[in-house]
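To start, the structure under review is shown below, and the notes come after it.
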Amino acid sequence: MTRLKRTFLPRSEPAVALLVQLAAVLLTLSLAVPLVEHLGLSLSPLAVALAAGALAAAIGRAVGLSLWWLAINLLFWPTVAMAYSLSIQPVWFLAAFGLLLAVYWSVFRTRVPLYLTGSQALHALARMLPKDRAFRFVDLGAGTGRVLHHLAKLRPGGDYRGIESAPLPFLLARLSAALGGGGWCMQWGSFWRADLGKYDVVYAYLSPAPMAALLRKLRAEMKPGALFVSNTFPLPGVTPAETAELPDIHRSTLYLYRYDDIIGAEKDGAG
Ligand SMILES: C[S@@+](CC[C@H](N)C(=O)[O-])C[C@H]1O[C@@H](n2cnc3c(N)ncnc32)[C@H](O)[C@@H]1O
């Protein structure tokens with residue numbers, strides 16, 4: 001089974017989950033429903049959807065999807081059937097899809113959704129910024145620009161920039177930068193294309209998924225003397241110079257790495 005999975009299935013979990021959904025609904029419609037009808041029984045659309053959902057969860061488990069994908073697989077077709085029975089105008093589904101797309105954009109690929117740095121983390125981050133010199137700061141995946149907006153007020157000496165690829169958060173951030181007193185700016189696009197060597201402080205609040213690749217990018221580009229601060233998700237195999245555990249509802253931790261921590265870990269063979 002493992003060999004079969006490696007050979008035939010895509011590497012991305014969302015793509016596997018999608019294939020599993022399609023396989024489950026096709027199997028239900030082409031085999032299970034005719035079989036049940038052959039026995040003289042009939043199934044309501046909701047019963048068909050429940051059967052397709054259960055089959056999708058079972059196939060998902062067999063191919064090793066994570067637990068939360070199994071829950072999505074189980075509930076997807078029943079939710080579609082229930083939404084269909086409510087006779088909602090199709091335009092509302094299109095509008096909801098458009099809104100989700102504008103907020104989450106390529107999250108199926110980046111595996112980094114939108115959530116915002118909390119107030120306590122903002123204040124702890126402000127205390128980590130250099131005190132004795134001007135500095136350039138970048139927020140990788142800046143969302144709605146919340147971090148930049150607050151830091152520009154708390155520590156006005158810095159040159160603050162955010163990079164964001166999702167259209168709606170980017171537009172909200174641009175608007176906030178234009179209306180909110182200035183001191184920071186936004187750039188649209190992927191931070192993977194940015195040169196991190198231009199910055200004295202690099203900040204990220206992402207997810208576990210990109211951290212190993214981000215470590216490689218930092219090693220290749222980070223400027224001597226620069227700092228990297230990650231909210232919640234540490235760099236794999238690198239010991240931070242400082243950590244700040246915060247008593248907020250997310251129990252966030254800020255991990256502060258100096259240039260030497262990141263380059264030294266490479267020399268020590270980590271990552
Ligand atoms: C968890 S949010 C953090 C938002 C903000 N930095 C904060 O702390 O409040 C992560 C953001 O990164 C964005 N993102 C993910 N991958 C990205 C990429 N490759 N380039 C630019 N933005 C990205 C997402 O769209 C999302 O808005």
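Throughout, numbering of the chain's residues begins at 1 and tracks the sequence. Atoms within each ligand, like the ligands themselves, are counted from 1 in listed order. Side-chain atoms are counted along with the backbone in the values below, which use heavy atoms only and exclude waters and symmetry mates.
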_I'd like to check which ligand 1 atoms, numbered from 1 as shown, lie under 4.0 Å from a non-hydrogen atom of G189._
20 (N), 21 (C)
*How close does the nearest protein non-hydrogen atom get to atom 13 (C) of ligand 1, and which residue and atom is it?*
E164 OE1, 3.3 Å
*P169 near ligand 1, heavy-atom distance under 4.0 Å?*
no
_Top protein contact for atom 19 (N) of ligand 1, by heavy-atom distance_ = S190 OG, 3.2 Å
*Is ligand 1 under 4.0 Å from a heavy atom in the side chain of W192, in the backbone, in both, or in neither?*
side chain
_Side chain proximity check, M222 to V202, heavy atoms < 4.5 angstrom_ = no
_Heavy-atom check, side chain of R133 versus side chain of D200, under 4.5 Å_ = yes
*Which atoms from ligand 1 have a heavy atom of P113 less than 4.0 Å away?*
1 (C), 2 (S), 10 (C), 26 (C)
*Enumerate the atoms of ligand 1 whose separation from the nearest heavy atom of T110 is less than 4.0 angstrom.*
16 (N)
*Atoms of ligand 1 close to V147 [distance to a heavy atom under 4.0 angstrom, numbered from 1]*: 7 (C), 8 (O), 9 (O)
_Where ligand 1 meets L116 - atom numbers and elements under 4.0 angstrom, heavy-atom basis_ = 9 (O)
*Is G141 in polar range of ligand 1, meaning some N or O pair under 3.5 Å apart?*
yes
*Parallel, tilted or perpendicular, as decided by the 30° and 60° cut-offs, for the rings of W184 and H149*: perpendicular
_Working note: T117 + Y203, criterion side chain to side chain contact (heavy atoms under 4.5 Å, CB included); need CA distance, chi angles, decisive distance, verdict._
CA-CA 11 Å; T117 294; Y203 174 70; 2.7 Å; yes
*Go through ligand 1 atom by atom and flag the ones less than 4.0 Å from a non-hydrogen atom of G143.*
4 (C), 27 (O)
*Can an N or O of D139 be found at a distance shorter than 3.5 Å from an N or O of ligand 1?*
yes
*For atom 17 (C) of ligand 1, grab the closest protein heavy atom and report residue, atom and distance to one decimal in Å.*
F191 CE2, 3.4 Å
*Note the single closest protein heavy atom to atom 3 (C) of ligand 1, along with its residue, its atom name and the distance in Å.*
Y115 O, 3.2 Å
*Side-chain contact, heavy-atom cut-off 4.5 Å: F137 with V147?*
yes
*Tell me: protein heavy atom nearest atom 23 (C) of ligand 1, and distance?*
S165 OG, 3.4 Å
*May I ask you to identify the nearest protein heavy atom to atom 15 (C) of ligand 1, giving residue, atom name and distance to one decimal place in Å?*
V112 CB, 3.7 Å
*For atom 8 (O) of ligand 1, closest protein heavy-atom neighbour*: T117 OG1, 2.4 Å
*With the side chain counted from C-beta on, respond yes when T79 and F76 share a heavy-atom pair under 4.5 Å apart, and no when they do not.*
no
*Say whether, by atom type as modelled, one donor and one acceptor occur between the side chain of S66 and the main chain of W69 under 3.5 angstrom.*
no
*asked:* For F135 and Y160, take the angle between the two ring planes, folded into 0 to 90°, and tell me which bin it lands in: parallel under 30, tilted 30 to 60, perpendicular over 60.
replied: perpendicular
*asked:* Strictly below 4.0 Å, N to O, side chains only: are R258 and E242 in salt-bridge contact?
replied: yes
*Exam field: side chain R155 to backbone P130, donor-acceptor pair closer than 3.5 Å*: yes
*For ligand 1, which atoms have a heavy atom of A166 less than 4.0 angstrom away?*
25 (O)
*Which value, rounded to the nearest 0.5 Å, describes the distance between I163 atom CD1 and W188 atom CH2?*
13.0 Å
